[in-house]
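Here the structure comes first, spelled out in structure tokens, and everything after it is commentary.
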Amino acid sequence: MTKQKVLLLDGNSLAYRAFFALPLLTNDQGVHTNAVYGFAMMLEKILKDEQPTHMLVAWDAGKTTFRHSTYKEYKGGRQKTPPELSEQFPYLRKMLDAYNIRQYELESFEADDIIGTLSREAAAGGVETVVITGDKDLTQLADEAVTVQITRKGMTDIEAYTPDHVKEKYGLTPEQIIDMKGLMGDASDNIPGVPGVGEKTAIKLLKQFGSVEGVYNGIDEVSGKKLKEKLVENEELARMSKALATINTESPIEIGLSDITYPGPDMEQVIPVFRELNFRTLIEKADGAQPATETEEAEEIRFTVAEKAPESLLKSGTAFHVELSDEFYHTADILGVALSDGKETVYIPSDHLKADPQLAKWLADDSSEKLTVDAKASLAALARLELEADGIVFDLLLAAYIANPSVSLTDASSAAREFGFSGVSEDQAIYGKGAKRAVPDLETVAEHASRKALAVHRLRETVEGRLKENNQFELYRELEIPLATILGRMEATGVKTERGILEEIGEDLAGKLEAIEEQIYALAGQTFNINSTKQLGVILFEEMGLPVIKKTKTGYSTAADVLEKLSGRHEIIDLILEYRQLGKLQSTYIEGLLKEIHADGKIHTYYQQALTQTGRLSSTNPNLQNIPVRIEEGRKIRKAFVPSEPGWVMFAADYSQIELRVLAHMSGDEKLIDAFREGEDIHTRTAGDVFHVEAQDVTPDMRRAAKAVNFGIVYGISDYGLSQNLNITRKEAAEFIDRYLASFPGVKQYMEDSVAEAKEKGFVTTLMNRRRYLPDINSRNFNLRSFAERTAMNTPIQGTAADIIKKAMVEMDKRLEREGLQARMLLQVHDELIFECPEEELGKLAEVVPDVMEAALELDVPLMVESAYGPSWYDTK
DNA sequence: GCACTCACG
DNA sequence: ACGTACGTGAGTGCG
């Protein structure tokens, strides 16, 4: 049974919020739709984020409520609901019905009271509850079980109010919000409060006396003669205001939790409503997100299970798919192979694969074109059966990624759906998840695999057409697909890792950690869990009274940059920093890596080729792209990565300043191009230009600042970001940036152009036409928009650098083969390649590798590569 | 499962 | 006025 979660929405408040947050939109019938649209956007987000089991939208009912009998001016003076909004309520209700969301209203009660009453029922049953509203009044309901979420400017931007949050914001408990209203009133509801008492005074009083009642019980202790007078004079008003502001949690509602179960939306109902309202984007989203419907699922597929691949399928243009028991293809059980040419589909269970020489021959024949989904996984898995595959010209997964990297591609189903085909079940639906995961019967697996092969075959034309339309076919076909084979081989080759070296470092770390731990406990005067930021925060900021520099949304920040600022104030700080550092090495790199060494003494990472938004690779299980290097103590971990053959060595080559060189090229900035052409130290040169001094007069501090500015430029600079990085004021940072941009006008122009292009087209591109869509670039939400703008500046640079090294890898593979070298490419770390090779090949490699990397793409500035070698990865510096 | 922290480029 | 540097993955604590 899944955990229950109740979602209670304040219909009127949200509709108002949406109405005023968005510009007046209309559909083709002239009906205003902005409130419905905002509501729908918010719903989609909430449903996705919260996954509720119960849901209710509560509406206000009637003009007068029980509160009016207390105070007839309640909510007086309010503007009448604009007709442009009123006309939208019917559509809102209709849409909610289509979503299968229960709606409820109760004569003479407000939505707040319905929500309050239901949330108490849920809380009593220990059920997690989320209240969503645009109205801060509801924060009084927050407690352990109830979170109140308030929409901010944009409808999908939501702030969660928990008791901690309320406490942080006002210094009060949620219940005291009512008392605050009692004292200060609420203009929007026309609650009077005590005249002359505002938020500050109210909070001060409540901190002293706890509640309205408390204030009057202790009225003699109230400081300030005037204030006391006002309070005494308006006692009735205060008590009444509090009553008005109090949500009735015992309203006579006729529904309970069991009446508001949420079965999920009926998209067949929702989409027509969207269509009526002309919600194009939402329709597209809904269409894409819609699970395969029963009719589609039921579409007949003809496939046969065979012991041998039929000759009729062993030809050019056939799709194949290797079905595995899970996604970890270095270890997963290989279940079988499906083949399809669109007419005939066959599944061959794995027992027969090795005994099918015809199939093996076909797979290895590069002149026979093959289509597949996730070539890399297939290749790595087949390699374990000593089968090779060549001639792959189509990979559905990579195609979907190139078409739009923002789509989450988990399996063949998601990739197929990206191109409008929903005839493939998700792997999870077939194999289950978590503890219930299991391989089902042969027939089920055979059908699942067959559907994938068939989908691959069917989609080829559509997919290639789409990529060609966007000028991405070359990127896909000449870069990503060949790279998949290379990565598959790198993964399968793996990196030899010396267990003994890791263990030795681990023992050393364990000793140091223990010593530091004892010192920390001694200084703190108690033992506690140093890894718990919560406990550490209490010790440092409450017990030791150190100043709070930064807060996180859940408490005190104890991040390294904060601790560094506290470094001089107490000896414990440096010890904690060291403990963190060594603890990280121990848990992530020593213990973590030891767990990943396979029986062959090697680590086999998985490169994610269809994941990052910029075109970079990522590395998982384990991540070999973030092995320590910056600090010597951690760098020693690299001593454990060694060649896999006797007489071999490790060889590494990295691009120098590749992103800044890409920036120089793409921006065409003359000074930047010049600097690189003349082979100057780029940070020194930048410092000279920004600070208007000669190169020999640049101080280390100036160079450091310039380096940070250069990084900032690449990241899509902001004064705040730079100020944090350099620990200077925002104003100083802004000045640096201004001076930089004045010195490099081409860069300034380029940054502006990138953003402008994104705003116009909705996406940005790299030199090789990789795309990233930026839907938030025109958002009215400052944060979202700013983020998209920085992304528009950064992605073409980071992405082009990724294109370049990928291209280098493809060329490298050919070149090593052509030169007849035994050297093997093992790892890629964004701007560097790591190899192992026989010692006698070193001379050749030192020539060939930089040569290939530097020639990967011709830019207006030279690409520079530095290489090194040694007995372990550590020594390649 | 999320928040926080920290490792890399 | 708004609140952040870009891109990742993994371990730990905690509800």
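Just the heavy atoms: all of them, side chains too, but no hydrogens, waters or symmetry mates, feed the values below. In the text below, chain A, chain B and the rest are named by the order of the sequence lines, each starting its count at 1. What you are looking at is a predicted structure, and each value in this text was computed from that prediction instead of being measured.
- Judged by distance alone with a 3.5 Å cut-off, a donor-acceptor contact links the side chain of A:Q798 to the base of C:dC6.
- Contact annotation: A:S618 reaches the phosphate of C:dG9 (side-chain N/O to OP1 or OP2, under 4.0 Å).
- The side chain of A:T552 approaches B:dC4 more closely than any other nucleotide in the set C:dG7, B:dC4, B:dC8.
- Going from atom CD of A:E578 over to atom P of B:dC6 covers 14 Å, rounded to whole Å.
- In this structure, the side chain of A:Y740 does not engage the main chain of A:I713 through any donor-acceptor pair within 3.5 Å.
- Contact annotation: A:R790 side-chain N/O to C:dC6 OP1/OP2 distance is under 4.0 Å.
- Taking atom OH of residue A:Y715 and atom P of nucleotide B:dC8, one finds them 13 Å apart after rounding to whole Å.
- Contact annotation: A:T554 reaches the phosphate of B:dC4 (side-chain N/O to OP1 or OP2, under 4.0 Å).
- Look at A:Q535 and you'll find a side-chain N or O under 4.0 angstrom from OP1 or OP2 of C:dC14.
- Spacing between atom CD1 of A:I530 and atom C1' of B:dC4 amounts to 16 Å, rounded to whole angstrom units.
- Side chain A:R772 to base C:dG7: no donor-acceptor pair is found below 3.5 Å.
- Between C:dG15 and A:K534, a contact under 4.0 Å exists linking OP1 or OP2 to a side-chain N or O.
- What separates OH of A:Y556 from C1' of B:dC4 is a distance of 16 Å, to the nearest Å.
- For the OP1/OP2 pair of B:dG9 and a distance below 4.0 Å, the side-chain nitrogens and oxygens of A:R630 include at least one atom meeting the criterion.
- Spacing of P atoms, B:dT5 relative to C:dT4, comes out at 14 Å, to the nearest Å.
- Judged by a 6.0 Å distance limit and a 45° cone about the ring axis, A:K748 is not positioned over the six-membered ring of A:F744.
- Test A:L513, A:L509, A:I505 against A:L585 for side-chain contact (heavy atoms from CB on, under 4.5 Å) and you get one pass: A:L509.
- Whole-Å rounding puts the A:L833 CG to B:dC8 P distance at 19 Å.
- Here A:S619 lies in heavy-atom contact (under 4.0 Å) with sugar-phosphate atoms only.
- The base of C:dT4 is paired with the side chain of A:S718 by a donor and an acceptor separated by under 3.5 Å.
- When atom types are taken as modelled, the side chain of A:Q828 and the backbone of A:H830 share a donor-acceptor pair closer than 3.5 angstrom.
- Among the candidates A:V829, A:I637, A:L827, the single residue satisfying the side-chain contact (heavy atoms from CB on, under 4.5 Å) test with A:I627 is A:I637.
- Across all their heavy atoms, A:L611 and A:Y401 have their closest contact at N-CE1, 3.5 Å.
- Among the nucleotides B:dC6, C:dG9, B:dT5, the one closest to any side-chain atom of A:L611 is C:dG9.
- Note: OH (A:Y740) to P (C:dA5) measures 21 Å, nearest angstrom.
- With rounding to whole Å, A:N623 atom CG is found 12 Å from C:dT8 atom P.
- Side chain of A:K376 to main chain of A:Y607: a donor-acceptor pair is present (N/O by atom type, distance under 3.5 Å, no hydrogens or angles).
- Note on A:R616: every side-chain N or O is 4.0 Å or more away from OP1 and OP2 of B:dG9.
- Nucleotide C:dT4 holds its P atom 16 Å from the CG atom of A:N725, rounded to whole Å.
- A donor-acceptor pair under 3.5 Å links the side-chain atoms of A:H330 to the main chain of A:T605, judged by distance alone.
- Contact check, A:S532 against C:dC14: a side-chain N or O comes under 4.0 Å of OP1 or OP2.
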Base-pair map of DNA chain C as dot-bracket, where | denotes pairing with a different strand and pairs are Watson-Crick or G-U under 3.5 Å: .....|||||||||.

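- Using a 4.0 Å heavy-atom criterion, one finds that A:T558 contacts the sugar-phosphate atoms exclusively.
- Residue A:F782 places its side chain closer to C:dC2 than to any other of C:dG9, C:dC2, C:dC6.
- Under a 3.5 Å cut-off, the side chain of A:K707 and the backbone N or O of A:H683 do not form any donor-acceptor pair.
- The C1' atoms of B:dC2 and C:dA5 are separated by 23 Å, rounded to the nearest whole Å.
- Closest to the A:E832 side chain, of the nucleotides C:dG9, C:dT4, B:dG9, is B:dG9.
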